[in-house]
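Scroll down for the structure; my scribbles are underneath it.
Along the sequence shown, residues carry numbers from 1.
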Amino acid sequence: MSRLHPRSAVVRIARAALQGGFFGFFGGSLGSGMFDFPWFAVPGLAALGAVVFSGYALARYLRFQYELDGDTLTVESGVFARQSRQIPLGRVQNLDVEQNILNRLLGLAIVRFETAGGSATEATLDAVDEAEVERLRNYVRTHDRDEAAGTAAATSDAVAGTESGRSAHADLPGATGPSSGHAGDAQADTDQGASHTDSGREPDGSLLFAFDQRELLTYALVSVRPAAPVLTLASLPLGMDVVWAVLRFNAGLVGASLNGPVVRWLLGSPETSRLAVFAALSIAQFLLLALVVSMALTVIEYHGFRLTQADGDLRYERGLLRRYSGNIPLEKVQSVTIRENVLMRRFGYATLAVETAGYSGGNQQSTQGVAVPLAPREEVYELARDIEPFGDLDFDRSPKRARRRYLARFSLAAAGLTGVAYAVDSLVLETGYWWLAALLFLPVAPAAHLRWRHRGYDLSESVLATRSGFWRRTTRIVPYYRLQTVFVTRSLFQRRRDLATVGADTASSTSLLGGVARVFDIDEDTATELRNTLRERLRVDIVARRSGERSVETVERVGETDERPGETDEPAGGANERTDGPNEWSGEA
């Protein structure tokens with residue numbers, strides 16, 4: 001069995017020695033103050049802590065071993081409690097690689113094996129050298145390709161052993177067959193794919209997408225990082241001098257230390273008006289600072305982003321301070337998601353996410369499987385069709401009584417907030433401005449209409465497509481054969497309007513975290529019919545794939561069966577409706 005790289009042991013021992021020395025120094029200092037320890041107790045305990053912690057780190061390194069044998073990854077670890085895990089390579093969905101600054105200087109990398117259905121990373125190798133990373137990556141990729149070749153009855157010759165892992169995606173750049181028109185040349189021919197196993201290094205494949213500086217800054221500007229305001233607030237105690245300088249500047253503007261019509265107006269205004277202007281200036285500056293922090297986080301995370309394709313895998317690389325790379329096996333893709341926030345839609349951009357069954361515990365961003373962070377909308381749809389073929393999407397909306405439901409919901413929320421504002425003003429503030437909260441009723445009608453307008457569904461021959469969300473519109477493409485369960489739910493408020501929601505679950509990581517694809521607020525009868533149609537098409541799709549007869553003629557025959565006169569599974573007016581509403585749990589009654 002193999003051990004981790006010796007340089008990783010040096011890093012572990014040094015880190016443990018620092019931690020042990022710190023705890024020993026802290027304990028000695030505390031003991032000297034409370035129990036009158038002698039002077040040498042502090043350095044002695046610090047040295048003892050460093051020795052104990054570093055010794056344990058060395059023992060952990062020596063007891064950690066791993067081995068790739070056949071179709072199994074075996075990992076043994078533990079100092080006092082010995083653990084042995086056998087991970088079937090067939091369960092491995094993603095192999096993610098991470099390098100922080102220190103590891104990059106030492107030529108090391110952390111390798112994480114992500115499997116289907118796990119609640120955490122199945123195995124982590126911290127750390128190995130870059131040659132071992134390539135060996136592990138090629139071994140797992142070769143196993144997947146050989147496994148696919150063994151199950152493909154129609155591909156039994158030597159060339160088929162290379163192409164079977166990518167046959168379903170032969171139109172991607174870098175695979176044999178017609179090019180899809182993306183950036184990069186289709187240079188990864190069959191001979192290259194077959195020979196990489198012997199050479200020991202995977203070919204780079206064709207470049208699908210890469211960020212230049214302008215595109216990176218554009219993405220940083222139009223994307224929204226929820227962590228930015230939190231980090232900005234957390235950093236305020238560390239920069240209070242700057243904060244007070246900004247507040248004094250705002251107070252100077254509001255307090256009329258300058259001349260001008262605005263200042264003269266403020267001088268004649270009541271104190272509440274000056275406080276309002278002061279608060280508005282402070283909030284605007286806080287939001288501007290949060291935007292700067294958000295852009296910095298995005299640049300650090302996606303600097304040098306590259307997406308390549310080779311032998312049935314998508315491979316990404318990104319990161320400035322901490323470098324990430326990983327493989328997304330196309331044969332294990334569960335769904336394809338296209339996201340567009342308001343700013344992206346305004347400028348014609350979109351984000352593409354490819355979701356597999358693997359859970360990515362070590363890298364939060366990879367749980368979303370971002371394949372292309374930002375590109376023109378047409379290019380995103382083109383690449384999405386290369387990954388999971390589908391035609392033009394024609395979304396049907398929910399019935400108009402669903403819009404009335406949203407109007408009632410938002411009206412109740414506005415009324416509740418207005419009541420809270422009245423109570424707080426009457427009992428505490430006593431300013432008389434509680435009625436400003438009633439302005440929340442103004443956007444109620446537009447918000448209800450926009451929610452209804454941006455929710456839709458489409459039931460095509462091979463995929464289920466859904467769309468939802470106004471601030472961040474999400475379009476999810478789910479092939480039938482990836483469906484796990486289909487269910488219909490009806491809340492108390494939906495029953496009053498004869499509405500229902502259809503949920504279609506896959507094995508993707510977002511489903512593990514609660515992001516089930518949903519068709520919101522459709523007719524109850526249509527929901528039942530949609531559920532039955534999805535189940536039937538799932539059954540037909542699985543049978544066709546197992547028999548190796550999934551061809552254009554088969555799909556056409558399925559369509560003819562579903563659309564016989566008198567047995568329409570897709571009646572005009574709503575049966576074309578499918579489920580997909582990731583990240584739309586919030587706000588649903």
Heavy-atom side-chain proximity of Arg339 to Leu352 below 4.5 angstrom: no

All heavy atoms of Val478 vs all of Ser335, minimum pair found to be CG2-CB, 4.0 Å

Determine, stepwise, if the pair Asn327 / Arg141 fulfils side chain to side chain contact (heavy atoms under 4.5 Å, CB included). CA-CA 9 Å; Asn327 292 353; Arg141 190 177 298 175; 2.5 Å; yes

Could you grab the distance from atom NE2 of His303 to atom CG of Leu320, nearest 0.5 Å is fine? 5.5 Å

Is Tyr219 close to Leu217 at the side-chain level, that is, under 4.5 Å between some pair of heavy atoms? no

What class does the angle between the rings of Phe211 and Phe209 fall in, given that below 30° is parallel, 30 to 60° is tilted and above 60° is perpendicular? perpendicular

Candidate pair Thr74 and Arg85, rule side chain to side chain contact (heavy atoms under 4.5 Å, CB included), full reasoning: CA-CA 6 Å; Thr74 302; Arg85 287 168 290 168; over 6 Å; no

Contact between Ser398 and Arg453 at the side-chain level, heavy atoms closer than 4.5 Å - yes or no? no

Could you tell me whether Arg322 and Glu301 make a salt bridge, using a distance below 4.0 angstrom between a side-chain N and a carboxylate O? no

Would you kindly check if the NZ (Lys) or CZ (Arg) of Arg345 is within the cone defined by 45 degrees around the ring axis of Phe470 and under 6.0 Å from the six-membered ring centre? yes

Quick check for you: to the nearest 0.5 Å, what is the distance between Lys332 atom NZ and Arg91 atom CZ? 10.5 Å

Greater than 12 external heavy atoms within 6.0 Å of Asp392's CG: no

Does a salt bridge link Arg472 with Glu340, judged by any charged N lying under 4.0 Å from a carboxylate O? no

Passes ring-ring contact (aromatic ring centres under 6.0 Å, His included), Tyr316 versus Phe305? Steps please. CA-CA 7 Å; Tyr316 65 88; Phe305 183 92; 7.1 Å; no

Determine whether Leu125 and Tyr66 make a side-chain contact, defined as any pair of heavy atoms from C-beta on separated by less than 4.5 Å. yes

Contact check, side chains of Phe64 and Val75, non-hydrogen atoms, under 4.5 Å: yes

Do Glu134 and Arg137 pass the salt bridge (Lys or Arg N to Asp or Glu O under 4.0 Å) test, and can you show the C-alpha distance, the side-chain angles, and the key distance before you say yes or no? CA-CA 5 Å; Glu134 290 298 329; Arg137 179 182 286 123; 3.0 Å; yes

Is the backbone N or O of Val333 less than 3.5 Å from a side-chain atom of Arg482, with the two atoms forming a donor-acceptor pair by type? yes

Under the 3.5 angstrom rule, does the side chain of Asp212 hit a backbone N or O of Arg214 as a donor-acceptor pair? yes

Phe520 six-ring centre to Arg455 NZ/CZ under 6.0 Å and within 45° of normal: yes

Just wondering, are more than 12 heavy atoms of other shown residues or ligands nearer than 6.0 Å to CZ in Arg60? no

Donor-acceptor pair, Arg473 side chain versus Ser468 backbone, under 3.5 Å? no

Tell me whether Asn100 contacts the main-chain N or O of Leu321 through its side chain, where contact means a donor paired with an acceptor under 3.5 Å. no

So Thr351 and Met344, do their side chains get closer than 4.5 Å, heavy atoms only? yes

Is a donor on one side and an acceptor on the other found under 3.5 Å between the side chain of Thr142 and the backbone of Asn138? yes

Can you find a pair of side-chain heavy atoms, one from Leu314 and one from Leu330, that are under 4.5 Å apart? yes

Give the C-alpha distance, both sets of side-chain angles, the deciding distance and a yes or no for side chain to side chain contact (heavy atoms under 4.5 Å, CB included) between Leu89 and Thr72. CA-CA 5 Å; Leu89 295 181; Thr72 303; 5.9 Å; no

Hey, is CZ on Arg7 packed in by over 12 heavy atoms from elsewhere, all under 6.0 Å? yes

Do Arg3 and Glu132 sit within salt-bridge range, that is, some charged N less than 4.0 Å from a carboxylate O? no

N/O donor-acceptor pair under 3.5 Å between Arg12 side chain and Asp126 backbone: yes

Those residues that, when tested against Arg323, pass salt bridge (charged side-chain N to carboxylate O under 4.0 Å, His left out) (two or more places apart): Glu317

Hey, does the side chain of Gln309 reach the backbone of Arg315 with a donor-acceptor pair shorter than 3.5 angstrom? no

Give, for atom CD of Glu379 and atom CG of Leu374, the distance between the pair rounded to the nearest 0.5 Å. 10.5 Å

Once you round to the nearest 0.5 Å, how far does OG of Ser325 lie from CD of Gln99? 6.5 Å

Verify whether one side chain among Glu355 and Thr337 offers a donor that lies under 3.5 Å from an acceptor in the other. yes

A side-chain contact here means heavy atoms from C-beta on lying under 4.5 Å apart; do Asp96 and Tyr324 qualify? no

Does any donor atom in the side chain of Arg467 or Thr475 lie under 3.5 Å from an acceptor atom in the other side chain? yes

